[in-house]
Chemist: 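Before we start, here is the structure in question, set down as C-alpha cells.
First listed ligand is number 1; within each ligand, the first listed atom is number 1.
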Amino acid sequence: MNKTMLSLAAGLMLAGASMTGTAMAQDYPTKPVTVVVPFSAGGPTDTVARLVAEVMSDDLGQQVVIQNVGGAGGTLGAGQVAVAPNDGYTLLLHHIGMSTAPTLYRSLPYDPATDFAPIGLITSVPMTLVARKDFEPSTLPELVAYIKANGENVTYAHAGIGSASQLCGMLLMNALDTQMTTVPYQGSGPAMTDIIGGQIDMICDQTTNTTSQIQAGEVKAYGVTTLTRLGNLPDLPTTKEGGLDLEIGVWHGLYAPAGTDAAIISRLEAALQKALTDETVVSRFAELGTLPVTAEEATPAALTQTLASQTELWRAVIEAAGVYAD
Ligand code: MLT
C-alpha cells in the first residue's frame, strides 16, 4: 500500500473516530447515566443528588442512577470516577471536599483540577452545630464552655477526613483551641442516626441533613455557620451572634471524567440547569435550608473557578492547622 493510500486510510479512520465521537455525543445518552455520590445514602450529598437526578432523568430521557461509594472522606468515590470511561455515563456529585482533598491527602490518587471535566455548581449549603437532644449545654456560649471544660470527653461525629463535617469540626476545635474525640462515619446520614440515638454527642452538619431534625426536636441546635439567620430556622442564632468565629458554607458540583466530549458536557449542563429551576427541586431545597445556584453558576467555568479558589483557600487553612489524612 503506497504512502498516499496509507495517509488516506489514516485520514478516514480519524474522521471515522471523530464522527463516532460526535455521533455518540449527538445521540447521548442512549442508556442510564450513573452519578457517584462519595458518601452514604440518606445523607446531605445524597439528598441533593437524588433531587437533581430525578429532573435530569426526565430531561435526558434516560435514568440517572445514584451510586453511593462512601469512604475516606469522599476520596474513594471521587477516585473511582477519575478513572472511569469518559463517555458521559459515569459522573461525580461531590462538594467542598474536592477542594480540601489535595492538601489533606498528600498521596491522593487523582487531581481534582485535571482529572475531571466540571459540569456546574449545584448548591450553597449552610452548616449547623447540633447535638443529641439530652446534651447538657442549651446555648452556643454554654456549648463553647462545655467543650472547653470537657475536651476529649466530648464525642464529635464526622464523615471522614476531608468531609464538610470534619472540616467544620476542625475549624471549631481550632477556634476553641480544644480537641474533642472525633468519630468517623461513611457519611453524616449514619452519624445523625447515632446522634438522635444518643450514642454520639454532636456534629456540625449541612442544613440539608439537620433542618427537619431540628424542627422535629430530635436534636439540639446551637448555631448556623452563615452571616445571616436562615428563613426556615429563624430562632437559630448565627455562630457570630453566639460569639464564635466559625463561618463555613458547603458547595456541591457535578463532574465528568476528564476528556469527556464537550457536546456531552453541554448536554449535561443544560439538564442540570433545568433541574435547578424545577419547582419541586427549588421548593424542597428551600425547605432544607439549601440554596440552588444561579444559571451562571451552574456552568463548567464557574465550577472550575470555584474549585481553584477554594483549593487555595483551604490549602492555607489546613497547612496552618497541620491536620493531614496521611
Ligand atoms: C454526606 O453526604 O454524608 C456529607 O456530605 C458528609 C460531609 O461531608 O460531612
Chemist: What about S165: any of its N or O atoms under 3.5 Å from an N or O on ligand 1?
Modeler: yes
Chemist: Does D201 come within less than 4.0 Å of K220, counting only side-chain N to carboxylate O?
Modeler: no
Chemist: Do T238 and E241 get their side chains close enough for a donor-acceptor pair, meaning under 3.5 Å?
Modeler: yes
Chemist: One thing to verify: whether D46 and R50 come together as a salt bridge, which I'm taking to mean a side-chain N less than 4.0 angstrom from a carboxylate O.
Modeler: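 Counted as a salt bridge, because a side-chain N and a carboxylate O are separated by less than 4.0 Å.
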Chemist: Tell me whether G43 has any N or O atom under 3.5 angstrom from an N or O of ligand 1.
Modeler: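 Such a contact does not occur with ligand 1.
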Chemist: Out of the candidates L51, L254, V35, L276, only one should pair with M56 under the side chain to side chain contact (heavy atoms under 4.5 Å, CB included) rule; please name it.
Modeler: L254
Chemist: Is there a side-chain contact between W251 and V125 in this structure, where contact means two heavy atoms from C-beta onward sitting under 4.5 Å apart?
Modeler: no
Chemist: With heavy-atom distances below 4.0 Å as the criterion, list the atoms of ligand 1 near G187.
Modeler: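 That gives atoms 3 (O) of ligand 1.
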Chemist: So that I know where these two stand, are Y28 and Y89 an aromatic pair - ring centroids less than 6.0 Å apart?
Modeler: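 Aromatic pair counts; centres sit under 6.0 Å.
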Chemist: Looking at the rings of Y146 and F135, which for Trp means the six-membered one, are their centres under 6.0 Å apart?
Modeler: yes
Chemist: Is it the side chain (CB and beyond), the backbone, both or neither of H158 that lies under 4.0 Å from ligand 1, heavy atoms counted?
Modeler: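 No part of H158 comes within reach of ligand 1.
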Chemist: Can an N or O of Q166 be found at a distance shorter than 3.5 Å from an N or O of ligand 1?
Modeler: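 Such a contact does not occur with ligand 1.
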Chemist: Do side-chain atoms of N209 reach the backbone of G43 as a donor and acceptor pair under 3.5 angstrom?
Modeler: no
Chemist: If you measure every N/O of Q206 against every N/O of ligand 1, is any gap under 3.5 Å?
Modeler: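 Looking only at distances, the answer is yes, because the N/O contact criterion of under 3.5 Å is met.
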Chemist: I'd like to check which ligand 1 atoms, numbered from 1 as shown, lie under 4.0 Å from a non-hydrogen atom of S163.
Modeler: 7 (C), 8 (O), 9 (O)
Chemist: Can an N or O of S188 be found at a distance shorter than 3.5 Å from an N or O of ligand 1?
Modeler: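 Checking ligand 1 against S188, an N or O pair does fall under 3.5 Å apart.
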Chemist: For P44 and ligand 1, answer yes if some heavy atom of the residue is under 4.0 Å from a ligand atom, otherwise no.
Modeler: yes
Chemist: Identify the closest protein heavy atom to atom 6 (C) of ligand 1: which residue and atom is it, and at what distance?
Modeler: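 Ranked first by proximity to atom 6 (C) of ligand 1 is A159 CB, 3.4 Å.
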Chemist: Distance under 4.0 Å to a non-hydrogen atom of H95: what atoms of ligand 1 satisfy this?
Modeler: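 The list of qualifying atoms is 5 (O), 7 (C), 8 (O).
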Chemist: Atom 5 (O) of ligand 1: which protein heavy atom is closest, and how many Å away?
Modeler: T45 OG1, 2.7 Å
